[in-house]
Amino acid sequence: MELDKAYDPKSAEEHHYKRWEESGFFAPEINTDPEAKPYSIVIPPPNVTGSLHMGHALQHTIMDSLIRWKRMLGYRTLWLPGTDHAGISVQRKVVEQLKKDEHKKPTDIGREEFIKRAWAWKEQYGNTITEQMRREGASVDWSRHRFTMDESLSLAVRNVFCTLYDEGWIYRGLRIVNWCPKDRTVLSDLEVKEETKKDGKLTYLKYPVMDSDQTITVATTRPETMLGDTAVAVNGSDKRYKDLVGKTILLPLTNREIPIIADEYVDAEFGTGAVKITPAHDPNDYLVGERHGLEQLLVMNLDGTMNAAAGAEFDGMDRFAAREKVVAMFDELGLLEKVDDYEITLPVCERCKTVVEPILSEQWFVKMDEMRDMALDLMKTEGSPHFSPRVPHEKVYTNWLENLKDWTISRQLWWGHQIPAWYDAEGNVFVARTEEEAVAKSGGKDLTQDNDVLDTWFSSGLWAFSTFGWNGDVTETDDLNAFLPTDVLVTGRDIMFLWVSRMMMLTKKFVDKTAFNDCVITGTVLGKDGKPMSKSRNNGVDPIEMFDKFGVDATRIYLASIATGADIRWNDVGVETYRNFANKIWNATRFCLMNAEGAAVDHKSLESLLQQAKEPPEGGTPSASLADRWIVSRLNRTALDVNAALGKYEFHSAVSLLYHFFWDDFCDWYIELVKDEITSWGVEEERSGGEQNLAAKVRILTVLEIALRMLHPFMPYLTEELWQKLPGTSNALHHAAYAGADATIMLASFPPGDERAIDARAEAEMSAVIELIKKVRNIRAEMNISTAIRFTVHVAADAAFQDVFRANEAQILKLAKAAELVIGDELDVPRASAKAVTNDARLAVPLEGLIDFDGERTRLANQIAKLTEEKTRLDGQLLNANFVDRAPAEKVTELRDRSTELESQIATLNNNLEALD
RNA sequence: GCCGUCUUAGCUCAGUGGUAGAGCACUCGCUUCACACGCGAUAGGUCACAAGUUCAAAUCUUGUAGACGGCACCA
């Protein structure tokens, strides 16, 4: 079989996913081992308005790598996919569509029709991400796909709401909330971000004190709110205003009389030391108002315009226009003291960047005190969730919880879970799961349901258990028993509070379990400019474009290679590295297949090698070749290390281990070392015959096959494509739990690695051979000797290494491009020779007529300088009595040995240098 | 204001007490029959700065400077 010369990702990506999905490989049911341990991950549900961005790609890569790894290890794995209904975002999309297509407002078509449109929108556009996930190769169980507004999940929401209400954890109250005038809904604190405005103004207004000619000056950034002022406050200990406390102000433009009060809240040092108090439009003022029994005068509508209470002149006027008008009128009245430029940070709506208006409004809240204690308790007693990396996330999470305020859960939207609360004509509230129940509770009255819906995060908060079938009516399911707690949650910092914390709390509350054991918080993938990717910065990189350009596998393994937990800049060159890696894997396989005639993957072929590593022949020479013993040792070491790294969520080191094993050990050395043995162009007469040749072919195919399995979690398409082409791969290689399934690498067992297969002797011997070859190559390169010239290499070493070099003579000659190897106790070479030392040998290359004496002098001098520098440093340490006394004896011996070794190497090189003269 | 992170080769980043690493870029040499998305060989770093702890610090502690994140406040 012959492969194309280069890997074309597209062709592999086209067909495997469909087969995997249709064969049911992604579902936990594929695992037929009744004893199999479960391993589960629920996806952070992307919202239906979204499309795949680099953050998703990173997180999905991590989740899929973990799931594929565990699946191959025989766990009953479930990665559960789904989407959330994204209340505000979908609502906005539908509103825009309505306006554009029909020039209508939501109120023109009514709630019922609007919701129909929203569902239609979701059906049409809401599957973008799920389709993109197929391209990513995500091995999610689509049969368990959930949507936060599915019937069962919606029932769960209603049941949870009712229970929390009945137990007093949910209440309805009049509070200052964050209002987005554009979206016309209240927002939770977490959905409000801050934006610094450099062109802000601080306006100083003079308020006349009644029965006096005095005025009191207040400063404000929102002059229009003065229309709702119901007091002016000063600090009671502020001497400037002492006499004014208790007096009355005639509030300009309104002619209302408002008191001057004393309150601790006022900082005498700040501004004028006098503060206008607007209890209905400012959270601090609200508190002051409560303390002093002030009227809460609402002067604004929920669309950001002023209302009648602001006065006839302002009624209906936009808040910003009203601001200008208020200032102008104060100016006319001579009551405008001044307007200063002022840099101000304003709260804005996270989604639409509209300036958020703090406003007094009646909303539903979740009381957070007990929830918080529950989550803190989980952290303190069980260290749950176990964050990775622990620093700094555990502390940030804990700090946030400690300062938690109540959660505003009502939203003035139509799309979402309508609040299961009904009102009678008198405004009495009846909370129930259905209208019938509510009516029954009311004693048969006519009721109307609350107009608002719940925050999308309220339903997302139930995700860990509602997705497994819990809905309050049904509280036990097989999936729930099998898969909760989920093993790990993989997500970004941005939703740690919005989602992670709430899911912990609600899962504990309703199923008395932790939602997930571990929580991997990924870093942010930054744009090339080092800033978070965003549309406004136009520094975003589209994962799909990367898939097209470099292939899915290259993009995935690159993402895994940067998944350290730290933020990282996107770098096309990095993906290119792994595109090249994919091509390298392709070509290594291509080479093996070109020479695989008559051979097939056979794991028994490595058994004798394992045996020799486990029980080295007593003093004797192992029968298997060094290269074979070495690659098996390296293979197992890599497998052990990769498993360990994945277990610690150190994806970048797993990738690095695999990269270097495959490229350096397998391609650069192993393939080259055994090339002659397996190819038809090898040195025929040196071989013991066809049988030996076949065994070597089987071995290399087998090593390759194991390597592909280790790479599969990161590079699913490429590895499946190649695995299918390797002779001898079949479902016999599957993990026992999947014995019956059609052959696929994704169900093959993941190499666990065997510590006893680590062959220290083979590794030491191989490194002697590699070092020797590298030194010869170095001489050739530095002496500028053409590869066409095959010279003789003289090697001196102790008896054991002489044997090693003799046993590997053919390989050394080939890789060093030498004609002859002369091995002995001492070097016996003419003066015109280039020389070098390794840790285990001395070597020389006679270069009669080729040597550049000056060049050789420089080369030797450089080597001597390098070694001397190291020796000087070591000897300095060894002369230090403190070091020798206090450092571990092992360390001291190690340094001493190294120093002795260096001494001998330097001496040799010096002799070589002198010999040139 | 409070909490926290980062600063390592030209670039992007690993490494977290015991001789500084990778990929890419750079330099030199290769149309070597798996791969030029390649092969071989070099070069390149007082690990931001300062002090301390230690036999030993890129790594631990404190401070300084710069970059950044979260929370709170902002009349």
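FYI, side chains are in, hydrogens and waters are out, and symmetry mates aren't considered; it's all heavy atoms of this structure. Residue numbering restarts at 1 for every chain, and letters A, B, ... go by the order of the sequence lines. If you're wondering where the values come from, they're calculated on a predicted model, not measured in any experiment.
Screening residues 548-557 of chain A for salt bridge (Lys or Arg N to Asp or Glu O under 4.0 Å) gives A/D64-A/R556, A/R135-A/D548, A/K549-A/D572 as the qualifying pairs, with residues at least two apart or on separate chains. Among residues at least two apart or in separate chains, there is no salt bridge (Lys or Arg N to Asp or Glu O under 4.0 Å) pair with a member in residues 771-791 of chain A.
Taking atom P in both B/C26 and B/C11, the straight-line distance is 15 Å, to the nearest Å. Separation of the P atoms belonging to B/U53 and B/G69 is 37 Å when rounded to the nearest angstrom. Rounded to the nearest Å, the gap between the C1' atom of B/A14 and that of B/U7 is 15 Å. Look at the C1' atom in both B/C3 and B/G44: the space between them is 39 Å, to the nearest Å.
Consecutive pairing runs in RNA chain B reach the stem threshold at B:1-7 with B:65-71, B:10-13 with B:21-24, B:27-30 with B:38-41, B:48-52 with B:60-64, where a stem means at least three Watson-Crick or G-U wobble pairs with distances under 3.5 Å.
With sequence neighbours excluded, no residue forms a ring pair (Phe, Tyr, Trp, His ring centres under 6.0 Å) with A/W669. Here A/F550 pairs with nothing under the ring pair (Phe, Tyr, Trp, His ring centres under 6.0 Å) rule; sequence neighbours left out.
With no hydrogens or angles considered, a side-chain donor-acceptor pair links A/D263 and A/H292 at under 3.5 Å.
Remark: A/K891 is not positioned above the aromatic ring of A/F883, lacking an NZ or CZ atom under 6.0 angstrom from the ring centre and at most 45 degrees off the axis. Relative to the ring axis of A/Y342, A/K201 does not place its NZ or CZ within 45° and under 6.0 Å from the centre.
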Under-3.5 Å N/O pairs linking protein and nucleotides 24-27 of chain B:
none

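Heavy atoms of A/T589 sit nowhere under 4.0 angstrom from any nucleic acid atom.
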